[in-house]
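I have placed the structure first, in the form of structure tokens, so that the comments after it can refer back to it.
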Amino acid sequence: MFGLCIGSLHAQDKPALSPAKTAAEANLVDIRTLVPDIAEDIKYAGSDNFMGTPADGYRAPACLLLRPVAEALARVERDLRTRHQRLKIWDCYRPARAVAHFVRWAHDLSDQRTKPQHYPRLDKSELLHGYIAESSGHSRGATIDLTMQQCAADGSRCMPLDMGTDFDFFDVRAHTDTPDVTPQQHANRLLLRDAMEREGFRNYPMEWWHYTLDPEPTPHTLYDVPVQ
């Protein structure tokens, strides 16, 4: 099973919704307070995503994470820069209301605008069976979607490595170790995985871009404060 629900828990451990109303109350911090120039393209704050519209709860294109997660990610970025490489972030903490928006979109079978880019080999009705779920590990504040860039020796002209698929591509080709990509694309995925694992992040094997800090700081808590 792969998709947007990553990090699901057993039924008896179902996360509870935090009463926090602000990022500060939830101990969520903006990664740019630690790495001001980290590369970001926060997909759900705009329309370049699988729904084709901004997701509920994204009021700004920002990457919020629980502080220990943000600090670990900052260490990954600092390590990569010694190798003339950098991260590029697509999504971080995701409000619970955004996940509910995903589910409503998935039920609307009349909206097929993004099928060619995000689920070309699937019928949209299949997305709720293993791809989009009612709860997401992103809402616990410890999960990140990202890729890696190669830069020039002076740190400029950074270009994303070829990973074989786009972000949020609902297909077996998004599996980290799929044989359906080129050897170089697979090697690039392993470069990202190795960099993230060095600071305690684990990959979700069905999505090459998806990482969660292990152990999670608040594994039994979901948050619904807006990203702003």
Side-chain angles (χ1 to χ4, degrees), residues 3-11 13-77 87-107 131-146 167-168 196 199-202 204 207 209-228:
L4 303 161
C5 61
I6 312 314
S8 59
L9 301 175
H10 297 297
D13 297 325
K14 185 176 179 179
L17 188 65
S18 166
K21 300 298 183 184
T22 67
E25 289 177 4
N27 195 32
L28 292 164
V29 300
D30 191 322
I31 186 62
R32 288 199 164 176
T33 63
L34 302 177
V35 188
D37 61 344
I38 199 165
E40 295 179 342
D41 181 11
I42 306 301
K43 293 296 189 180
Y44 302 128
S47 298
D48 182 18
N49 58 59
F50 71 91
M51 294 194 301
T53 190
D56 290 355
Y58 284 80
R59 301 177 184 172
C63 168
L64 304 183
L65 294 165
L66 293 174
R67 180 167 292 278
V69 186
E71 291 171 349
L73 189 64
R75 292 193 295 270
V76 175
E77 176 75 357
L87 299 171
K88 185 173 186 178
I89 298 170
W90 288 321
D91 195 37
C92 298
Y93 154 73
R94 182 181 305 162
R97 72 191 75 178
V99 180
H101 188 184
F102 293 175
V103 174
R104 293 196 305 274
W105 171 87
H107 278 291
Y131 293 88
I132 295 175
E134 294 182 359
S135 180
S136 170
H138 279 273
S139 299
R140 300 198 294 270
T143 294
I144 308 137
D145 294 331
L146 75 179
F167 169 57
D168 272 354
M196 296 295 286
E199 293 299 336
F201 290 93
R202 69 177 186 274
Y204 178 60
E207 295 178 341
W209 56 79
H210 184 112
Y211 287 85
T212 300
L213 187 67
D214 188 16
E216 294 186 47
T218 60
H220 306 299
T221 304
L222 299 174
Y223 302 97
D224 194 34
V225 303
V227 176
Q228 59 187 8

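With sequence neighbours excluded, the residues satisfying side-chain hydrogen bond (donor to acceptor under 3.5 Å, both in side chains) with Y58 are D91. Annotation: ring-ring contact (aromatic ring centres under 6.0 Å, His included) contacts of W105 (sequence neighbours excluded): F50.
Between the side chain of R140 and the main chain of H220, no donor-acceptor pair closer than 3.5 Å is present. At distances below 3.5 Å, at least one donor-acceptor pair connects side-chain atoms of S139 with backbone N or O atoms of R94. Side chain of N49 to backbone of T53: a donor-acceptor contact under 3.5 angstrom is found.
Scanning both residues, A45 and A60, for their nearest heavy atoms gives CB-O, 3.8 Å. The two residues V99 and S136 make their nearest non-hydrogen contact at CG2-CB, 3.6 Å. The two atoms that bring V103 and A133 nearest to each other are CG2-O, 3.6 Å, heavy atoms only. Residues L34 and A74 approach most closely at CB-CB, 4.2 Å, considering heavy atoms. Here the closest non-hydrogen pair linking P217 and L66 is CB-CD1, 3.9 Å. The minimum heavy-atom distance linking P15 with P219 is given by the pair CG-O, 4.2 Å.
Of the inter-residue distances, the one linking D56 atom CG with D224 atom CG reads 9.5 Å to the nearest 0.5 angstrom. Taken to the nearest 0.5 Å, the CD1 atom of I144 stands 8.5 Å off from the CG atom of L87. The CD atom of E77 sits 7.5 Å away from atom CD1 of I89, with the distance rounded to the nearest 0.5 Å. Taking CG of L73 as the start and CG of L65 as the end, the distance is 6.5 Å to the nearest 0.5 Å. Once rounded to the nearest 0.5 Å, the distance linking SG of C92 with CG of L146 reads 8.0 Å. The CE atom of M196 lies 12.0 Å from the CG atom of D214; values are rounded to the nearest 0.5 Å.
Side-chain contact check for R202 versus E216: some heavy-atom pair is nearer than 4.5 Å. Here the side chains of P226 and R97 are in contact, with some heavy-atom distance below 4.5 Å. Contact check for N27 versus T218: no side-chain heavy atoms found under the 4.5 Å cut-off.
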Worksheet item: Under the side chain to side chain contact (heavy atoms under 4.5 Å, CB included) criterion, do D145 and K43 qualify, and how do the steps go?
Response: CA-CA 10 Å; D145 294 331; K43 293 296 189 180; over 6 Å; no
Discussion item. Using the rule given for side chain to side chain contact (heavy atoms under 4.5 Å, CB included), can you reason through H210 versus T143, listing the C-alpha separation, both sets of side-chain angles and the distance that settles it, and then say yes or no?
Written reply: CA-CA 7 Å; H210 184 112; T143 294; 3.2 Å; yes
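Checked options W90, F201, F167; the residue passing with W209 is F167 (criterion: ring pair (Phe, Tyr, Trp, His ring centres under 6.0 Å)).
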